[in-house]
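In what follows, a single structure is set out as structure tokens and then discussed.
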Amino acid sequence: MNWIDHESYMEIYPPKEFNFKECLIFLDRSNLEVLHQIKEGSVYKLIKVKESLILCKIGFINNVIKVEFPIGPPSIHFRKKAAEYIWEWYDLDQDLGAFYQVANQDKVLKNLAHKYYGLRIMCIPDLFEALVWAIMGQQINLTFAYTLKKRFVEQFGESLTFEGDTFWLFPSFEKIALINVDDLRKLQFTSRKAEYIIDIAKAMINGELTKELLLQKKDDQQIQWSLMRIRGIGPWTADYVMMKCLHYTSSFPVADVGLHNALRNLLDLERKPTIEEIEKYAADWEGWQAYATYYLWRSLYDKNI
DNA sequence: ATCCAGGAACTGT
DNA sequence: ACAGTTCATGGA
């Protein structure tokens, strides 16, 4: 992490290939999003370190990420944790130059890489949040997924209100481990998704399932296998979590409907491509399938193509 | 109305 | 192993 602490604010120095505005477009894709707010080019994000709530205002000036603390700066230890969170959130450890080398040789990715240069995967550093969000979104449209997330967060999450705006934290697994299926059925979760989510919360309470344990596995196959042993997690969810939480750039949610639609639009296909066809397009994406997928998702937000 | 949605488990063969 | 069915509801 490359940063400088100034006590009342922080500066984070991103790698060369970074476009804050492009990341904002992704963050701003749903007006039902409750885990951050965007105002005048800055992102407001509430995070929790130990028992402290830290409100961050994240802006971008002169190619530097500037982080301010509207409710006052926390101590240096917590500031560093906040900086680390933001570094991970924006996926700033990745060498996108390597991705662009791959993309520039590829028919499908070449234009996207140019058009969205500097876009990074907006990650979900918290494992529980990543898993729950993925499970919530299975087999429903994205708008409804956001509706479910909003209900879930506003029912079970902590919040902080500052100058009339309320900022929310994703619910903790400690809290969700104690609720029951009916609590989630009331929010229109299916019984199965409710079971999956509560079971995962319990597994995390027990310490059987942690981000650290997953990252200790010897390779990505082992991680994927560990995830897929959990009820409610299939190939798509495992890949999604590896991409958005564990920073595996080679993870590839190949069954993703958004990916299919993006390819159909981009290549002007009559129908959605089959898995086999997608694997042909992806033959040269080795190592960067997650970024390829993400850039294709991004293309779905340009209606005018 | 009708089809499909950022899938996965379950059931039957 | 593999295909078909069910979950459950909202969006377009």
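Quick note on labels: first sequence line is chain A, next is B, and so on, each numbered from 1.
- Ranked by how close their nearest DNA chain B nucleotide is to the 5' end, A:Leu142 and A:Arg192 are led by A:Leu142.
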Could you write out each protein N or O paired with an N or O of nucleotides 11-13 of chain B at a distance under 3.5 Å?
none

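- Think of A:Ile61 as one node in a network of Ile, Leu, Val, Met, Phe, Trp and Tyr side chains linked at under 4.5 Å; it has no links at all.
- Put simply, A:Ser191 has a side-chain N or O that comes within less than 4.0 Å of OP1 or OP2 on C:dA8.
- With hydrogens and angles disregarded, a donor-acceptor distance shorter than 3.5 Å links the side chain of A:His260 to the backbone of A:Val254.
- Between the side chain of A:Gln138 and the base of B:dA8, no donor-acceptor pair under 3.5 Å is found.
- Proximity of A:Thr237 to the phosphate of B:dA8: a side-chain N or O atom is located under 4.0 Å from OP1 or OP2.
- For the contact set between residues 222-235 of chain A and DNA chain B, defined by any heavy atom under 4.0 Å, the members are A:Ile230, A:Arg231, A:Gly232, A:Ile233, A:Gly234, A:Pro235.
- Taking 4.0 angstrom as the limit, A:Lys272 places none of its side-chain polar atoms (N or O) nearer than this to OP1 or OP2 of B:dC3.
- Counting non-hydrogen atoms under 4.0 angstrom, A:Tyr196 reaches the backbone sugars and phosphates but no base.
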Practice prompt. Applying ring pair (Phe, Tyr, Trp, His ring centres under 6.0 Å), run through A:Tyr146 and A:Trp133 and close with a yes or a no.
Written response: CA-CA 9 Å; A:Tyr146 271 107; A:Trp133 171 234; 4.9 Å; yes
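- Nearer to the 5' terminus of DNA chain C, by closest-nucleotide assignment, is the contact made by A:Gln139 (compared with the other of A:Gln139 and A:Thr147).
- Within a 6.0 Å radius of NZ in A:Lys48, more than 12 heavy atoms belonging to other residues, nucleotides or ligands are found.
- Between the side chain of A:Arg151 and the main chain of A:Phe189, no donor-acceptor pair closer than 3.5 Å is present.
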